Amino acid sequence: MIYSKKMACFILIFLSVLTLSEAAKAQNIDNLKIQTALKWTDEIIRESEEIVNKSRSQKARVTWEKAFALQSRAYREANSGNFNDYHKNTIAYKLTMEARNQAKRAIALAKIETRMVEKHRMVFERTRERLINLNGRIIETGIEDMKTRKLIRDSNLMLEKSHTHITQMRTQLAFNLTLNAQKLVSRAENRFRKVNSLRKMCLRRLSLMKGLTSRAGNRVEDSADQKSRARLAMAESQLEKAKSFFREGRYNACRISILKSEKIMRSLINNINPTGKNQVDNMLKQTWQFYEKTREAIEASGQSSGNRFLKQAEKTLQQAEKKIENGNPDQAKKLIIRARSTLREASTAAVSNLSKEKIEAKLEKLKIKNTD
């Protein structure tokens with residue numbers, strides 16, 4: 001009995017202490033926290049309202065409205081007399097803290113949306129500028145390539161869809177479409193560069209074929225060989241096809257026809273010429289081959305410092321062709337040797353697969369071959 005009475009007294013004392021502690025907590029929340037918390041949340045909600053209103057984010061607006069509703073509930077709980085002080089202030093405190101978190105989240109969503117809109121604008125404008133520049137280059141060069149045109153059309157279509165979505169506040173979808181348009185423009189630019197490079201090569205080779213055709217015609221005329229005449233007619237037919245393909249914008253087909261025509265004509269020249277002239281023709285043919293490889297290497301390297309040497313070598317080789325046509329193989333040989341020396345200078349600007357050492361080795365082999 002005595003023990004039971006002591007335990008009962010102990011429990012009563014413990015409950016009294018606990019009640020006092022809870023009352024102290026309630027008093028502490030009421031006086032020190034709740035009003036300050038509500039006021040600070042009000043400031044954050046006002047700040048977030050201004051930021052959200054300036055953005056285009058629907059998610060940010062919904063989140064801000066949720067924050068505003070939670071804060072209103074927090075005020076109702078704090079001013080309500082339905083519960084004792086501790087419970088109502090605890091609930092009010094939790095509500096205002098949740099409202100504060102939602103307001104901060106609304107700010108973050110609004111800023112993300114604003115950055116996304118700015119990124120979309122920059123990419124959109126840059127892509128549109130690239131399309132305008134590319135169309136201008138196509139008009140300037142006169143290239144008619146179906147694949148390039150299709151890539152441009154698809155890119156324009158995506159930009160139009162992107163503009164529609166951005167006006168309807170679907171920013172992420174609009175941005176994705178703009179990125180896809182940008183990729184298509186890059187593909188179109190790469191395609192144009194390759195086609196334009198091929199066009200220039202065809203134009204250059206067609207110009208060189210004039211002299212080669214004249215030389216081959218002179219040799220065949222001197223030989224009076226019907227078989228050679230037939231082969232020359234075949235070469236000229238291939239050359240006409242090449243010109244037709246060039247006008248149609250079929251530059252790869254043009255290149256192939258030029259190579260076929262050139263092969264026949266050089267074969268005729270080598271077979272008809274005397275031994276001394278034949279050797280010079282071989283030197284000229286092989287030097288032209290190295291000229292093309294050096295030019296490709298310089299273009300692949302992106303360096304322009306070797307272009308002036310390349311032009312000088314091309315001019316020298318053209319002079320050598322004229323010397324051969326006029327019956328001066330010795331002078332032509334000197335010009336070919338000079339052109340090879342110039343190509344060595346041009347090769348130093350190339351940083352791709354064709355190095356100066358490789359050209360030196362090839363030219364050394366040509367020297368040995370031509371002296372045999």
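Predicted model, so just to flag it, every value in this text is computed and none were measured.
- With hydrogens and angles disregarded, a donor-acceptor distance shorter than 3.5 Å links the side chain of Q71 to the backbone of L38.
- Using modelled atom types, one side-chain atom of T178 and one backbone atom of A174 make a donor-acceptor pair closer than 3.5 Å.
- With hydrogens and angles ignored, the 3.5 Å screen pairs no side-chain donor or acceptor of T127 with any backbone N or O of A181.
- Among all heavy-atom pairs drawn from I45 and A67, the shortest one is CD1-O, 3.9 Å.
- By the 6.0 Å contact criterion, CZ on R130 is enclosed, its count of non-hydrogen atoms from other residues, nucleotides or ligands being greater than 12.
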Verdict with supporting geometry, T41 and Y75, side-chain contact (heavy atoms from CB on, under 4.5 Å): CA-CA 11 Å; T41 303; Y75 269 110; over 6 Å; no

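- For S197, the side chain to side chain donor-acceptor pair (under 3.5 Å) partners are E299, not counting sequence neighbours.
- Separating the CG atom in L184 from the CD atom in Q182 is a distance of 10.5 Å, to the nearest 0.5 Å.
- In summary, K150 and D154 engage in a salt bridge, as defined by a charged side-chain N under 4.0 Å from a carboxylate O.
- For T114 (side chain) and A110 (main-chain N/O), a donor-acceptor pair under 3.5 Å exists by modelled atom type.
- In this structure, a donor-acceptor pair under 3.5 Å is absent between the side chains of H120 and T171.
- Atom CZ of R187 has 12 or fewer heavy atoms from other residues, nucleotides or ligands within 6.0 Å.
- Neither side chain, N156 nor R153, offers a donor N or O lying under 3.5 Å from an acceptor on the other.
- The neighbour count for R255 CZ, taken as heavy atoms of other residues, nucleotides or ligands under 6.0 Å away, is above 12.
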side-chain contact (heavy atoms from CB on, under 4.5 Å) between I152 and I138, worked out: CA-CA 11 Å; I152 291 174; I138 289 174; 3.5 Å; yes

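- Using a cutoff of 4.0 Å between basic side-chain nitrogens and carboxylate oxygens, R46 and E43 are scored as salt-bridged.
- Remark: the backbone N or O of A233 is not paired with any side-chain donor or acceptor of S237 at under 3.5 angstrom.
- Of the possible polar contacts, none joining the N196 side chain to the F192 backbone as a donor-acceptor pair under 3.5 Å is found.
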Derivation of the ring-ring contact (aromatic ring centres under 6.0 Å, His included) call for F246 and Y251: CA-CA 6 Å; F246 185 86; Y251 303 116; 5.5 Å; yes

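- Counting only N and O atoms by type, the side chains of E236 and T213 include no donor and acceptor under 3.5 Å apart.
- Between K243 and E240 there is a salt bridge, with a side-chain nitrogen of the basic residue lying less than 4.0 Å from a carboxylate oxygen of the acidic one.
- Of the inter-residue distances, the one linking N180 atom CG with M158 atom CE reads 5.0 Å to the nearest 0.5 angstrom.
- Side-chain heavy atoms closer than 4.5 Å link hydrophobic residues (I, L, V, M, F, W, Y) into clusters, and following such links, possibly through other members, connects M283 to I324.
- Checked by atom type and distance alone, the side chain of S257 never pairs as donor or acceptor with a backbone atom of C254 at under 3.5 Å.
- The pair R115-E118 does not count as a salt bridge, with every side-chain nitrogen at least 4.0 angstrom from each carboxylate oxygen.
- The closest donor-acceptor contact from the side chain of S214 to the backbone of K210 lies at 3.5 Å or more, if one exists at all.
- Under a 4.0 Å N-O distance rule, the pair E262/R266 qualifies as a salt bridge.
- Note: W64 and F68 have parallel aromatic rings, judged against thresholds of 30 and 60 degrees for the angle between ring planes.
- A salt bridge does not link K311 with E314: none of the charged nitrogens is closer than 4.0 Å to a carboxylate oxygen.
- Considering CG of N190 and NZ of K194, their distance stands at 6.5 Å, rounded to 0.5 Å.
- In this structure, the side chain of T167 engages the main chain of H163 through a donor-acceptor pair within 3.5 Å.
- K323 and Q331 form a side-chain donor-acceptor contact under 3.5 Å, judged by distance and modelled atom types alone.
- Comment: E125 engages R121 in a salt bridge, judged by a side-chain N to carboxylate O separation of less than 4.0 angstrom.
- Each of R193, R191, R199 was scored for a salt bridge (Lys or Arg N to Asp or Glu O under 4.0 Å) with D145, with one residue passing: R191.
- Counting only distance, with no hydrogens or angles, the side chain of T342 and the backbone of A313 share no donor-acceptor pair below 3.5 Å.
- Side chains of R338 and T316: a donor-acceptor N/O pair is absent below 3.5 angstrom, by distance only.
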